Amino acid sequence: MRVLLTGGAGYIGSHTALTLLEAGHDVVVLDDFSNSRRESLRRVEQLTGRGVQVIVADLADRAAADAALQDADFDAVVHLAGLKAVGESVAQPARYYRTNLVSTLNLLDIMRDKGVDRLVFSSSATVYGDPQTPRIAEDHPVGLGLTNPYGWSKAMNEQIIRDVQRAWPQLQTVLLRYFNPVGAHPSGRIGEDPAGIPNNLMPFVAQVAVGRREKLAVFGDGYATPDGTGVRDYIHVMDLAEGHVAALERLSPGVEVYNLGSGAGASVLDVVRAFSAASGRDIPYELIAPREGDVATSVADPAKANRELGWRTTRSLDDACRDAWAWQSQNPRGFNTQT
Ligand code: UFG
């Protein structure tokens, strides 16, 4: 297939581009480079020995998206483009809704105009809210108790895609609900390069290990979890990327939903220990108050994806820490500077 990968220069996008190319697909990346770097795609090209067509456009700008995609040739779309910082979404709700919803609406219109009817959409476990269940399956209610516009924008995008599919029955869609993507390509050549202070745990820990930040703040140790810190289902970004390829290759008319997670939970302190072992560095930390909106536990039941996509995670948290460390230690300033 020739796949249009929106947001393809970002963290998940670059690993998905690489995995699609290695599976024999062609890749066209559409990205506005507002929170990503061209260098990530140059490295994907080096690693795979294949070329990536790059289209620079903001999908939320209808005229620009129309012009950019008018002559583009693709059979399927993997739609990752969007804003993703939870805290920022609370401060800038209109920007988050405008970007994350309008880009999907524009994309669906353009797909219909061009007769492209295959779509894999990047959703999030955040749509489950605070599920209060040890392992979350896809039939868990969506949209209850969401605490931020980012999460709402994912839930609303899911609904938009469902409604558009009902009016366009040939449309083949999969909604992938990611748990917590971590790690990097094992070469250490591509990885997560957050702008500013990382919001997420693993990139923050990696920056502490490399000496870019003094210590980690652990958000709360009073949760009802084995060590009191928050438990998440960390999924290696290469496993996540393979989940996209599996979903793309098994599309059929309708809307299917799959959790992409490992099914295993790890606490904040488990991650600190694993990263410290992988890097051989101390990770100083202090316990502070919980972060608003965080849940105690979020762990996938990945049985449906295992069964129907023939996909499962094959990489451990230790593998993810090793690969994230390879990336961080070889690229202490991300794609900006190499040492
Ligand atoms: N944490 C810390 N210190 C930090 C950062 C995080 O203790 O500096 C803790 C959090 O409290 C949480 C765990 O580490 O217990 C993981 O936090 P992340 O920010 O890495 O991930 P979240 O689970 O909060 O968020 C992720 C995605 C979101 C998505 C959400 C859905 O980043 O996009 O999962 O559950 F909305």
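Quick note: numbers below take in every heavy atom, side chains included, and nothing from hydrogens, waters or symmetry partners. As the structure lists them, so they are numbered: ligands from 1, and atoms in each ligand from 1. Values in this document were obtained by computation on a predicted structure and should not be read as measured data.
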Notebook entry, point to check: Taking the six-membered ring for Trp, are His185 and His15 parallel (under 30°), tilted (30 to 60°) or perpendicular (over 60°)?
Noted result: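 The arrangement is tilted - the two ring planes meet at 30° to 60°.
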
Next item on the list: Scan for side-chain hydrogen bond (donor to acceptor under 3.5 Å, both in side chains) pairs involving residues 101-111, sequence neighbours excluded, and state none if there are none.
Entry: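 Every side-chain hydrogen bond (donor to acceptor under 3.5 Å, both in side chains) pair that includes a residue of residues 101-111, provided the two are not neighbours, is Arg62-Asp109, His79-Thr104, Thr104-Asn157.
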
Next item on the list: Any pair with a residue in residues 84-102 that passes side-chain hydrogen bond (donor to acceptor under 3.5 Å, both in side chains), sequence neighbours left out, goes on the list, sorted by first then second residue, please.
Entry: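 Every pair satisfying side-chain hydrogen bond (donor to acceptor under 3.5 Å, both in side chains) with a residue in residues 84-102: Glu88-Tyr96, Gln92-Arg95, Asn100-Ser153.
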
Next item on the list: Please write out which residues are connected to Met202 in a hydrophobic cluster, directly or through intermediates, given that two of Ile, Leu, Val, Met, Phe, Trp, Tyr count as joined at side-chain heavy-atom separations below 4.5 angstrom.
Entry: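 Noted: Met202 shares its cluster with Val182, Ile197, Leu201, Phe204, Val205, Val208, Val210, Leu216, Val218, Tyr234, Val268, Leu269, Val271, Val272, Phe275, Ile283, Tyr285, Leu287, Leu317, Trp325.
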
Next item on the list: May I ask you to check whether His25 and Phe74 place their ring centres under 6.0 Å from each other?
Entry: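 No, too far apart.
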
Next item on the list: Compile the protein residues with any heavy atom at a distance under 4.0 Å from an atom of ligand 1; present them by chain, then by number.
Entry: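 For ligand 1, the residues that come within the 4.0 Å heavy-atom cutoff are Ser124, Thr126, Tyr150, Asn180, Asn199, Asn200, Leu201, Leu216, Ala217, Val218, Phe219, Gly230, Arg232, Tyr234, Val268, Arg291, Asp294.
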
Next item on the list: Show your reasoning for whether side-chain hydrogen bond (donor to acceptor under 3.5 Å, both in side chains) applies to Thr229 and Asp227.
Entry: CA-CA 6 Å; Thr229 65; Asp227 65 17; 2.7 Å; yes

